[in-house]
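Take a look at the structure below.
Model, not experiment: these values are computed from the prediction.
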Amino acid sequence: MENVFPRTNLDRYARELSTIAEDFKWVHQYRFVEFFVKNCYDDLPKDWIESLEEEDEPSIRAMVGGGVKKDWPESLKTFVQDCESLRLRNRKEIDKPKQLDTEMKRTLSEKKQHEVAHMAEGIHETVTRTPKKTAVILDIGSGQGYLPTVLAHKWGYDVVAVEACEGNVKKGEEREALITQRKRKREALTNQKEGVVSYHPAYLSPDTTASELDKLLSAKNIPPTTPVCLTGLHSCGDLTPLVLKLFSASPRISSLSIVGCCYYKMGWPTPSAFPMSKPMADLATLLGPTGAQLACENSMRWPVMDAPEWQHTKDLSLNRAVLEVVLHRLYPTLVESIGIRGVSRKVTKLPFMAYAKHCLARLKYRRLDLSNATEPVDGGGHARTEEASEDLPPPLVDPTDLYLADTYAAYAPSMHRLVIWLTLRECISPILEALFIVDRALYLRDALPDTAVSVSAVFDKQESPRNVMISAVKGSA
């Protein structure tokens with residue numbers, strides 16, 4: 001598997017990434033919805049503003065990918081080109097795998113089929129590099145069992161599927177029972193023995209220890225001498241750092257293959273899982289949930305959106321940023337504790353007046369910590385967290401039609417400036433993601449010197465933006 005790092009010296013690479021993230025913190029420290037309320041455009045260097053305000057949108061969008069103009073300021077050109085040269089090399093196209101059997105792809109979208117098939121193949125490649133043959137795969141956060149199904153019935157592994165949601169466990173067991181009905185027939189046709197999926201309902205907290213993991217394995221009657229591969233597909237938030245720590249601490253785990261996601265769900269603002277490595281220890285206060293959210297963007301889409309999608313992206317970004325101004329004026333002391341519920345894609349395509357009215361009618365008062373309250377998880381700044389039942393107090397300003405119209409009219413002329421700032425954010429997005437990935441690779445390198453660690457693109461990035469798999473095999477360095 002091809003390594004995605006553009007540098008062979010990881011320590012040097014980490015320093016270069018850190019320097020960009022620190023020098024341009026003003027690009028990623030605020031949410032896009034705060035563009036007006038935080039006066040984000042004022043942070044741009046004056047010579048950048050003078051150059052970029054004269055450019056058309058195609059030229060601006062081309063910065064995502066390294067596009068620059070000769071007459072631009074050297075500092076701007078350096079920023080754009082460094083963001084491109086230091087990004088992970090994970091944008092290659094990956095062929096779609098062979099079709100899964102009908103039973104295995106049942107209820108799976110094409111995207112999920114792509115992910116499961118390639119992930120399973122990647123895990124198999126990792127396992128074949130282990131000094132001792134792996135007998136069991138432990139899938140942490142197995143969901144409804146899509147990956148365990150393919151690992152067991154296509155590749156022949158026994159899989160222990162650990163999942164916190166009992167509903168997912170039930171669906172996974174039903175899925176396994178259905179697929180097992182044709183197991184003997186498949187084995188006869190392929191002349192290959194299939195494995196078994198065993199579900200284990202359990203929640204692994206960020207504080208789960210290696211001894212607790214050993215108890216879990218013992219509960220599934222797995223002998224202490226049996227080599228185990230630890231894996232997870234899109235292990236969310238704190239789960240990926242937990243899996244890495246368990247891998248380094250448990251002698252029973254011989255190999256690892258994991259794809260992480262949702263960095264912003266790592267218990268911010270004081271995450272226990274970033275940074276993990278000593279070389280990046282100084283970054284503890286550099287990235288917050290906003291930077292971590294930006295690290296999850298699919299910046300590849302920015303310069304290649306077709307006209308309708310680009311127009312929708314611009315309109316929604318402006319509408320949501322203006323709405324944030326309205327919210328700050330209506331509820332200046334509560335704005336961090338309220339969320340907007342029930343915003344469908346159809347609503348996001350409405351003109352500002354209709355969009356704002358829909359959102360204001362669906363404000364909820366949330367009794368949650370600020371890390372959740374500031375989380376724009378759907379890309380449009382619309383929170384998806386639980387809300388309390390209390391009604392909001394009366395707003396300080398009456399949001400009449402005239403008031404909304406006047407507010408929008410005051411900010412709409414800044415659309416071009418918003419596009420410039422959003423594009424700079426998309427430029428730095430891959431740098432922020434690389435910080436998380438290289439930090440985890442450095443952690444494994446330093447914690448387990450005898451372990452061979454590889455970091456590769458396992459999915460087509462257009463199909464699945466979080467496509468970087470960290471693989472490791474103990475005793476093979």
Side-chain angles (χ1 to χ4, degrees), residues 26 28-43 264-265 267-270 287-294 312-415 417-418 421-422 425:
W26 54 268
H28 61 80
Q29 67 179 336
Y30 296 122
R31 296 180 296 150
F32 83 88
V33 302
E34 297 175 302
F35 177 70
F36 295 121
V37 297
K38 297 291 188 181
N39 297 312
C40 295
Y41 200 70
D42 293 345
D43 294 327
Y264 54 90
K265 292 185 178 179
W268 299 93
T270 54
L287 294 181
T290 301
Q293 172 74 30
L294 185 56
H312 173 251
T313 298
K314 289 196 305 176
D315 291 342
L316 175 57
S317 299
L318 178 64
N319 288 349
R320 185 58 186 86
V322 175
L323 178 62
E324 191 72 8
V325 174
V326 173
L327 293 176
H328 274 258
R329 293 175 179 174
L330 267 58
Y331 301 101
T333 61
L334 299 177
V335 69
E336 299 294 349
S337 301
I338 56 180
I340 306 167
R341 304 285 290 191
V343 181
S344 65
R345 182 170 177 80
K346 181 179 179 180
V347 171
T348 65
K349 293 183 177 182
L350 295 174
F352 175 76
M353 189 74 72
Y355 166 80
K357 286 183 176 181
H358 179 96
C359 292
L360 292 174
R362 287 159 178 78
L363 292 180
K364 295 293 182 181
Y365 187 34
R366 297 177 294 165
R367 296 290 191 182
L368 298 175
D369 61 75
L370 291 183
S371 65
N372 285 328
T374 59
E375 179 185 309
V377 298
D378 70 347
H382 308 113
R384 291 181 184 171
T385 48
E386 294 182 4
E387 69 274 354
S389 58
E390 297 99 322
D391 291 332
L392 286 168
L396 295 186
V397 178
D398 184 10
T400 63
D401 287 0
L402 180 60
Y403 177 81
L404 294 175
D406 286 347
T407 304
Y408 180 79
Y411 290 97
S414 297
M415 171 73 89
R417 292 184 171 187
L418 177 59
W421 185 69
L422 291 175
R425 284 166 49 87

Is the shortest side-chain heavy-atom distance between [X] and [Y] below 4.5 Å?
| X | Y | answer |
| --- | --- | --- |
| Tyr411 | Leu418 | no |
| Lys357 | Asp401 | yes |
| Leu334 | Pro393 | yes |
| Ser414 | Tyr41 | no |

Leu363/Leu327 under side-chain contact (heavy atoms from CB on, under 4.5 Å): CA gap, chis, key distance, verdict:
CA-CA 10 Å; Leu363 292 180; Leu327 293 176; 3.8 Å; yes
Exercise for review: Answer yes when Lys349 and Asp315 have at least one side-chain N-carboxylate O distance shorter than 4.0 Å, and no when they do not.
Suggested key: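 No salt bridge links Lys349 with Asp315.
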Grab the two heavy atoms, one from [X] and one from [Y], that are nearest each other, plus how far apart they are.
| X | Y | value |
| --- | --- | --- |
| Ala409 | Pro413 | O-CD, 3.3 Å |
| Leu318 | Ala412 | CD2-CA, 4.0 Å |
| Val37 | His328 | CG1-CD2, 3.8 Å |
| Glu34 | Cys40 | O-SG, 3.6 Å |
| Pro289 | Tyr264 | O-CB, 3.7 Å |
| Asp43 | Gln29 | OD2-NE2, 4.4 Å |

Take Arg320 and Phe32, measure what side-chain contact (heavy atoms from CB on, under 4.5 Å) needs, and give me the verdict at the end.
CA-CA 9 Å; Arg320 185 58 186 86; Phe32 83 88; 4.1 Å; yes
* To do: Please step through side-chain contact (heavy atoms from CB on, under 4.5 Å) for the pair Leu287 and His28, ending with a clear verdict.
  => CA-CA 8 Å; Leu287 294 181; His28 61 80; 3.6 Å; yes
Nearest-0.5 Å distance, [atom1] of residue [X] to [atom2] of residue [Y]:
| X | Y | atom1 | atom2 | value |
| --- | --- | --- | --- | --- |
| Thr407 | Phe352 | OG1 | CZ | 6.5 Å |
| Glu324 | Arg31 | CD | CZ | 5.0 Å |
| Phe35 | Arg417 | CZ | CZ | 7.5 Å |
| Ile338 | Leu360 | CD1 | CG | 8.5 Å |
| Ser344 | Leu350 | OG | CG | 7.5 Å |
| Leu323 | Tyr355 | CG | OH | 5.5 Å |

**Asked** On the ring face of Trp421, is Arg425 found with NZ or CZ under 6.0 Å from the centre and within 45° of the axis?
**Response**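 The answer is yes; both the distance and angle limits are met.
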(request) Evaluate side-chain contact (heavy atoms from CB on, under 4.5 Å) for Thr313 paired with Leu422, printing each intermediate quantity in order. (result) CA-CA 11 Å; Thr313 298; Leu422 291 175; 5.9 Å; no
